[in-house]
Number of protein chains: 4
Amino acid sequence: MSARIRAGVVGFTGYSGAEAVRILRHHPSAEPLLLEHRAQSDSEKPVFDDGVERFAFTREGLAESKADVVLLATAHEVSLEAVPMCLEAGVRVIDLSGSFRLRTPDQIKRWYGLDHPDPQLLADAVYGLPEFYRDKVRGARFVSNPGCYPTAANLAIRPLVAAGVINREAGVVCDAKSGVSGAGKQPTAKTHFCQVTENFSAYNVMFHRHVPEILQNSDLEESELFFTAQLLPLHRGILETIYVRTLEKMSHADVAEVYRKAYADEPFVRIYPEGRLPDLRAVQETNFCDIGFKVDPETRRLTVVAAEDNLGKGAAGQAIQNMNLMLGLPETDGLL
Amino acid sequence: MSARIRAGVVGFTGYSGAEAVRILRHHPSAEPLLLEHRAQSDSEKPVFDDGVERFAFTREGLAESKADVVLLATAHEVSLEAVPMCLEAGVRVIDLSGSFRLRTPDQIKRWYGLDHPDPQLLADAVYGLPEFYRDKVRGARFVSNPGCYPTAANLAIRPLVAAGVINREAGVVCDAKSGVSGAGKQPTAKTHFCQVTENFSAYNVMFHRHVPEILQNSDLEESELFFTAQLLPLHRGILETIYVRTLEKMSHADVAEVYRKAYADEPFVRIYPEGRLPDLRAVQETNFCDIGFKVDPETRRLTVVAAEDNLGKGAAGQAIQNMNLMLGLPETDGLL
Amino acid sequence: MSARIRAGVVGFTGYSGAEAVRILRHHPSAEPLLLEHRAQSDSEKPVFDDGVERFAFTREGLAESKADVVLLATAHEVSLEAVPMCLEAGVRVIDLSGSFRLRTPDQIKRWYGLDHPDPQLLADAVYGLPEFYRDKVRGARFVSNPGCYPTAANLAIRPLVAAGVINREAGVVCDAKSGVSGAGKQPTAKTHFCQVTENFSAYNVMFHRHVPEILQNSDLEESELFFTAQLLPLHRGILETIYVRTLEKMSHADVAEVYRKAYADEPFVRIYPEGRLPDLRAVQETNFCDIGFKVDPETRRLTVVAAEDNLGKGAAGQAIQNMNLMLGLPETDGLL
Amino acid sequence: MSARIRAGVVGFTGYSGAEAVRILRHHPSAEPLLLEHRAQSDSEKPVFDDGVERFAFTREGLAESKADVVLLATAHEVSLEAVPMCLEAGVRVIDLSGSFRLRTPDQIKRWYGLDHPDPQLLADAVYGLPEFYRDKVRGARFVSNPGCYPTAANLAIRPLVAAGVINREAGVVCDAKSGVSGAGKQPTAKTHFCQVTENFSAYNVMFHRHVPEILQNSDLEESELFFTAQLLPLHRGILETIYVRTLEKMSHADVAEVYRKAYADEPFVRIYPEGRLPDLRAVQETNFCDIGFKVDPETRRLTVVAAEDNLGKGAAGQAIQNMNLMLGLPETDGLL
């Protein structure tokens, strides 16, 4: 592919959008365009011109931009309108909102409280978790980018479920912790520095919107999964501690084998050797999802630790990975 | 004094107001009342009943509350109306806003952009820095509580100016750093956790609203003072590093003597011995202003470090100290 | 009791010891003494004399100090020698180390790698968790103070186990997170600021030394419990997220009833109403252990969140609570 | 230059050394080699093989490594021996320690307490601040890399001194704040997380080792400069607030002109427009030194804010910039 891909980013002032622009600036075969959904004030603008082209995010602006693909780092409601607008303009779309992640309008209604305006588009959306749906993502025109928590959860849990090695009756616990950027850039009482620093708290226990995304991709039932989202006093990163019982006694090597089968050729999933576990430092500002674990074969207990950057593999990094696949570029371009 | 003082706090959900309530709960001869200026949502209310009485902050509520004194931890505009309302009701007032700190309407106009509605009240306000104005504060009906930055700055600078030991032509530099609670509880882009963590920035360089408060109490001219406010990635505390030239060679003991003369009997100003300097930990959650310094006699350089808790001596602690003086209570009650 | 209790603290430069001294300074009927186990350098000493008496922690110093009780905030090996020394001198002891928390030498050998030198003393030690062993603590001469993680874990888990309401076959998961002070004051690579800030990590997964303490007091089997310790980038506080399945459908009120039965008269355990959960801010610098929870009756899932200050109820606060009981003082003295 | 440059890094486990390796891994025409000065424990080693070659840092290892240049991110004493060893082996050296930054043995004696073993080598060392000494750095065999504080200080101060626009009698104040990585990776009481978090403190007031480095490159006299180093509760970044009086009234444009003359063609010094000032976020993980300022022409006050990453332009980034110049590579290679 000789010409450079023109990748428009809507919502580039938000955390995920800004991260997408950052990655695209170092991408060997693509370049970012800023698609302005609203005007920026002067103080929001960068001090030094970064040389990135700007266009209005309108039908006309989009045409003028000659974008090959648009990344929507936008609110749910904005995405609902923006996705069809891009597709009608013949531009590929990756939506980072939650509006197209669940499979049915009923699910969207239950978890987001929305009457989905376009069930057909919902059904057509490709869920952009390349490790499991790579063939569908390749060449797709519209990809719904996974949520941050579900990405790590599914990468850690699904191979164990698929291999049939865990005792589903005992259930699966996913205790998740995220940095504050996961809550978005909008200032709120919950993201005020003084509320967060030296603090730690749980929120949306059991019924977080990301639960159905974990369920539909890991093949677990709702009754089988415990999920808790918790807020870490730090900028970026997600670490999930996952607890399962194995059906048979499994050694570290046995579990490693399950993961190696699933991820042997995956560029962005790293399985840790015995005695080592990922921390957030290992994955910040990367597109990796790192997985380590500890087993006690005798009691069939297995604790898995999965870590990712919520803005990397959990959002913008994965979006670029999807973009590469959609456009036939090398999957790791711009991400290593 | 046999009966307990009833001290109403308006703005008790803000940082300074909440700190005032906290101090009053441990006060030996006063107790807090919550005066509600606006309704709180359920999620803002404390989980467990704290046994503190609540009243509406209206003429009627104020009468009903039987408050002896009211602390206004409120926005400038709110204080402008609330001060006369309290005084007319025969209730003493301590205003923690900036509305009555400067002496003339012209100053208020220049630095706050406000046409002050009550110049007489402005002139009547007692500036509540007990170390310098104790006699006026004692028994006062209306005290304007000093700003956080000026409290430490004046305590550090004024004795040096008053003693005539510094070279004013060389100027005075006050490089100030504050925790985020100094910016208030209102969520803004500047107080978002992700903006603050791992960051440090200067703001309002040279023309911060607190500058005239430093000048009018230290007797410096505007042209003689450099002041910079800077935001530390932490919750509470102010540290100011102050640079002056002495007129004559002064040893550590010489400078210590100046401060000891000023503060020998002060309960809340602590002068550090040679070789030690205050850090924020030393003053957090206290009403102390700690002062340490380093001299180079040969070159007449003197660097002073002053630290306080911006919510303590810089706001609520000092307000309680003023309250004690106004009501004839022991000055340190509730503060040690 | 007319005379003030003299409470010696060994290890007062460490986090738990310093916290004990801080609490004792505000205790209505006791006062702290510093018992020096090693000499302090000048820079370690407080800048201002705090008026606390100091003695050498030797047989002679102990006699001279006239201590009524000694709190050992010391390393395991130090406590092993210090406990008998105090008891032989006729002084009551509260040991905050792990040396006497497990019931048998075999347990000590397995989890601490120590050959315990005094099995009889080990058997005689009273485990100082007042909510469960108050009668034994009252008047005791030697109390072993619980570990930080087990205190919250047992307070949250034991009533559920004792009431027989949880499905033990499905297991209990305790996902624990602690501030850095839990790792002690000794500087190490793991506690370096740059290693901790903006990071989060799991350690001692499944086989942390605190596991047997949880088991022996909650009546769970090792195979039934998952425990993970994790390091939060903050100073103090522990939050544990606990996952269990109930045997029958239980509403929030049903679970609340279990906890209310266990803790109705407890001054330091607070049960949260539906819809509210504790965070670390609620318990920092207190002796509370706060417990909140979320249930899904249909699927019998129960998620419990327990929070405490690891230096408060998790160490020094609880030690003072034990001291009060041992000496016949009001249990809450100095702790509210 | 067709063959890739082989750049050995000694001290690659420290913060500066690790940063140098990180930069070199993305360098278009150089690659890192790890030169082991001491053996690493298993837990210190990276979890995944990073493909970087390792050699012992001995005469033999150095020869075997075929290094073209060695970066010494080592302690003062180590550098004193390592520099001649490399030069004798015909390998270029960039020393990041302080051992060769001052010009005379007397200075080294006064500020470092060292009898310098090789005054000739000291005299031969090229001070690697390319903005001022580019011609000497180009092609040099031995460069002494500037200290972190002096880099920003000299870049901000020297053009003003050189242009003769400031009132030197009034003095220059440099109030400097640094992240904790500036204190090195060795765990100490001062770098313990619990000591640093929510704290801020000054150290080495007036007589920091970096003072003579500022003086000898800015042409100021010791008596003219105030310097204070202060510790920020964050990982990386230095911000210096600098206060001077101008001799004549100068507008923002006038001062900007002074800086533009000095830095018009500099790739790594950015001058901010009126109304904007750098914060640490702007420079973290970059090789930029950003400079902004505020003037009050009437009173001739000028406040300058300079920011850099202490591990970037303040250490490893600048070392790579020097390496590029020494070896005839494009100066910005690997740094943008």
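Keep in mind that this is a model prediction, so the values were computed, not measured. Residue numbers start from 1 in every chain, and the chains themselves are labelled A, B, ... in the order their sequence lines are given, proteins ahead of strands. Any value given below was found using the heavy atoms of this structure, including those in side chains, with hydrogens, waters and symmetry copies removed.
- Within the 4.5 angstrom heavy-atom criterion, only backbone atoms of A/Leu302 (N, CA, C, O) approach chain C.
- Your options are A/Ala170, A/Ser223, A/Ala307, and the one with the most heavy-atom pairs under 4.5 Å with chain C is A/Ser223.
- Considering all non-hydrogen atoms of both residues, A/Asp296 and C/Met206 come closest at CB-SD, 3.5 Å.
- With a 4.5 Å cut-off on non-hydrogen atoms, C/Phe207 touches chain A through its side chain but not through its backbone.
- The aromatic rings of A/Tyr243 and C/Phe226 lie perpendicular to each other, with more than 60° between the two planes, well past the 30° mark.
- Of the atoms belonging to C/Ile238, not a single heavy atom falls under 4.5 Å from chain A.
- Only the side chain of A/Gln284 has a heavy atom closer than 4.5 Å to any heavy atom of chain C.
- If you tally non-hydrogen atom pairs under 4.5 Å between each of A/Gln195, A/Arg300, A/Lys294 and chain C, the highest count goes to A/Lys294.
- With respect to chain A, the highest number of heavy-atom pairs below 4.5 Å among C/Thr303, C/Asp279, C/Val305, C/Thr299 belongs to C/Asp279.
- Counting heavy atoms from C-beta outward, A/Leu277 and C/Val205 have side chains that approach closer than 4.5 Å.
- Minimum interatomic distance between A/Asn199 and C/Leu234 (heavy atoms only, all atoms of both residues): O-CD2, 3.5 Å.
- Using a 4.5 Å cut-off between heavy atoms, A/Arg236 contacts chain C through its backbone alone, with no side-chain atom that close.
- For C/Ile242, no part lies near chain A; criterion is any non-hydrogen pair under 4.5 Å.
- Two residues are said to be in side-chain contact when any heavy atoms from C-beta on lie closer than 4.5 Å; C/Glu222 and A/Arg301 meet this criterion.
- For A/Val196, the part lying under 4.5 angstrom from a heavy atom of chain C is the backbone only.
- Atom CD of A/Glu169 and atom CZ of C/Arg245 lie 10.0 Å apart (nearest 0.5 Å).
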Practice task
Begin with the C-alpha distance, continue with both residues' side-chain angles, and end with the deciding distance and a verdict on side chain to side chain contact (heavy atoms under 4.5 Å, CB included) for C/Arg281 and A/Phe200.
Solution key: CA-CA 8 Å; C/Arg281 192 77 84 238; A/Phe200 181 75; over 6 Å; no
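- Contacts of A/Val244 with chain C are made by backbone atoms alone, with heavy-atom separations under 4.5 Å and no side-chain atom involved.
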Exercise for the section: Take C/Gln230 and A/Thr241 through the test side chain to side chain contact (heavy atoms under 4.5 Å, CB included) and record every step on the way to the result. Expected result: CA-CA 10 Å; C/Gln230 290 157 110; A/Thr241 315; 2.7 Å; yes
